[in-house]
Amino acid sequence: MTNFLDDTNKYVHKALKFSGLSEDLSNKIIICNSTYTVRFGVRLRGKIFTFEGWRSVHSEHMEPTKGGIRFDLNTNSEEVEALAALMSYKCAIINVPFGGSKGGLKINPADWEKRELEKITRRFAQELIKRDLISPSMNVPAPDIGSSSREMAWIADEYRRIHPSDINGAACVTGKPPNKNGLPGREEATGRGVQFIVREFFKNPDLLRRVKLDENLSTKSMIVQGIGNVGYHLSKFLTQDDQVNLIGISEYNGGIYNEDGIDVEHAKKYFTKHKSFNNYPKATFIKDSSLLLKRKCDILIPAARENVITEKNAEDISAKLIVEAANGPISYKGNQILNRKKIFVIPDILANGGGVAVSYFEWVKNIRHIRFGRLEKRRNQFQLNTLIEAIEQMTGKSMPVKYKENFLKGIEEIDLVRSGLDDMMIDGFQEVKKAYISNDKISDFRTAAYLVAIEKIAMAYDSIGL
Ligand code: NAD
């Protein structure tokens, strides 16, 4: 049987063979530092319901530690530990100065009304806050499956009530709504980061040659699994900005397929309204959505949950490139088969780092207490205006209006967020690529990514003198 935590550790062990790390330090890096289990009661509907949740801290080589909170009936302590480990590796690769953490609450959000969910979330948050498992300087959650900016706003408010004098309290959690100390661009960030990674891959002819793809992204087809936060945003950006042809969307209760392309906005609206793609008018409904993963396409993007490609179906996958937007979608054995089939996989710990990158920006903004670009925007506009005036005077010609407007519009906070994210994702990609091509024996991008991550974590432990 596939075990997410065991598989994650197997990936680390595989990469460790290429590093010169000692066995004891390697063991220190792999092991999860702590997992707190909490069971708490909430009085709802005239009786007391007991809920169970976890918060794992994988590595404190840097603090605060960082990682989302998943609201899902299937979550458990092992899953949360695996996800916490992925957070450590992910932060290391894209140079986010955080350790790894993760949380899970065993609940189906759809079973509860909004006010009930708020009560449950606040009680869970209280339990974690009083143990510093939610704290601006120690441990900072964010949204994950089943949670969103709404839950993050409740958690931040609960923290404020418990610690009213903490001036940095808003930084106790990220992914908050922009009007509640959040950051424009956080909600889209993971999907946006996946877009930047896909673009970067298509700018590397040596990698493209390995999978027999050319650099023209606009002629490529794509199938996406999961049309939640991450799947929706990446589909929207890759189809609208890069003209990738989205031919399939797979959801837990059926999927849709259309070779001529699927309109993401239309499909998302339909799924949100009907909670299913059944009878969707603009594509063929496929009841067994797992079949969609096997359909021919250039790019396959799992963006739902773990272990969806295993030894049971990996042999039938026919995509040329898989980009892991979800955490842990490919099992260890599944990965071995894909490697053998020479299907290129960009691993989760690189591909979906965009969320934590922008969470880092949000955290920085919260402790700086000022929005990005606030101080320099007008000054920059003034300088650009002076430059345009000088050019116009010297040439005797006026600058075309569209360029002038673009110059003078100034840089908004969202532009800075996207630019910072792009830079972090590209740097991460190039660091992994460097490790990948530096040693012929490193057979896949995932191993290279783990190698980059563990060497950085080892360096951090080394400098704090373990
Ligand atoms: P979400 O809850 O918004 O969306 C998940 C989607 O997947 C939902 O539409 C759900 O119906 C669908 N789904 C569930 N099981 C499925 C199945 N078996 N087949 C097909 N579809 C299925 O969650 P999300 O925030 O988009 O997260 C998705 C994945 O991305 C998770 O693995 C998460 O850990 C990872 N991730 C999320 C973020 C983030 O910022 N939200 C950051 C990094 C990684």
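All ligand and atom numbering here is 1-based and tracks the order in the structure. The basis for the numbers below is simple: all heavy atoms, side chains too, and nothing from hydrogens, waters or symmetry mates.
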With backbone taken as N, CA, C and O and side chain as the heavy atoms from C-beta onward, which portion of Ala303 lies under 4.0 Å from ligand 1: side chain, backbone, both, or neither?
backbone
Compile the donor-acceptor pairs under 3.5 Å between side chains in residues 244-253 and protein atoms, sequence neighbours left out, one pair per line.
from   : atom 1 : to     : atom 2 : distance (Å)
Asn245 : ND2    : Glu259 : O      : 3.1
Glu251 : OE2    : Ile227 : N      : 2.9
Asn253 : ND2    : Lys275 : O      : 2.8

Looking only at protein heavy atoms, which one is nearest to atom 3 (O) of ligand 1, and how far off is it?
Asn229 N, 3.0 Å
For a side chain to side chain contact (heavy atoms under 4.5 Å, CB included) check, start with the C-alpha distance between Trp54 and Glu78, then their side-chain angles and the critical distance, and finish with the verdict.
CA-CA 10 Å; Trp54 299 270; Glu78 279 203 349; over 6 Å; no
May I ask whether Glu306 has any heavy atom positioned less than 4.0 angstrom from an atom of ligand 1?
no
Atoms in ligand 1 flagged as close to Gly146, the criterion being non-hydrogen separation under 4.0 Å:
2 (O)
In the structure I gave you, are the side-chain heavy atoms of Lys236 and Glu188 within less than 4.5 Å of one another anywhere?
no
Quick one: which ligand 1 atoms are inside 4.0 Å of a heavy atom on Arg70?
31 (C), 32 (O), 33 (C), 34 (O)
Side-chain donor-acceptor pairs under 3.5 Å in residues 293-302, sequence neighbours left out?
from   : atom 1 : to     : atom 2 : distance (Å)
Asp298 : OD2    : Ser221 : N      : 2.9
Asp298 : OD2    : Ser221 : OG     : 3.4

I'd like the name of whichever of Asn327, Leu83, Asn307, Val308 reaches closest to atom 44 (C) of ligand 1 through any heavy atom.
Asn327
Check: of Phe271, Tyr252, Phe71, min heavy-atom distance to atom 16 (C) of ligand 1 comes from Tyr252
Can you figure out which of Glu188, Glu251, Glu187 has its heavy atom closest to atom 9 (O) of ligand 1?
Glu251
Find all atoms of ligand 1 within a distance of less than 4.0 Å from any non-hydrogen atom belonging to Gly228, and give their numbers and elements.
3 (O), 4 (O), 6 (C), 9 (O), 26 (O)
Using heavy atoms and a threshold below 4.0 Å, how should the contact between Ala189 and ligand 1 be classified: side chain, backbone, both, or neither?
neither
At a 4.0 Å cut-off, with the gap strictly under it, does some heavy atom of Ser289 reach an atom of ligand 1?
no
Which of the atoms of ligand 1 are close to Ala304, meaning less than 4.0 Å from one of its heavy atoms?
7 (O), 13 (N), 16 (C), 21 (N), 22 (C), 28 (C), 29 (C), 31 (C), 32 (O)
Between Arg305 and ligand 1, does any nitrogen or oxygen pair lie at a separation below 3.5 Å?
yes
Within 45° cone and under 6.0 Å: Arg192 NZ/CZ vs Phe237 ring:
yes
Closer than 4.0 angstrom, basic N to acidic O: yes or no for Glu413 and Arg371?
no
I need the atoms of ligand 1 closer than 4.0 Å to a non-hydrogen atom of Ser250, numbered in the order shown.
20 (C), 21 (N)
Answer yes or no: is there an ion pair linking Arg199 with Asp422, defined by an N-O contact shorter than 4.0 Å?
no
Pairing of Glu362 and Lys180 as salt bridge, 4.0 angstrom limit:
no
Any side-chain heavy atom of Thr65 within less than 4.5 Å of one from Phe98?
no
Does the side chain of Tyr89 come within less than 4.5 Å of His58's, by heavy atoms?
yes
Can you find an N or O of Thr190 that's nearer than 3.5 Å to an N or O of ligand 1?
yes
Please determine whether any non-hydrogen atom of Arg186 lies less than 4.0 Å from an atom of ligand 1.
yes
Give the residue and atom name of whichever protein heavy atom lies nearest to atom 37 (C) of ligand 1, and the separation in Å to one decimal.
Val230 CG2, 3.5 Å
Check ion pair Asp157-Arg122 (N to O, under 4.0 angstrom)
yes
To the nearest 0.1 Å, how far is atom 19 (N) of ligand 1 from its closest protein heavy atom, and which atom is that?
Gln225 NE2, 3.4 Å
Write out the residue and atom name of the closest protein heavy atom to atom 33 (C) of ligand 1, then the distance separating them to 0.1 Å.
Asp144 OD1, 3.3 Å
Side-chain contact, heavy-atom cut-off 4.5 Å: Tyr270 with Asn279?
yes
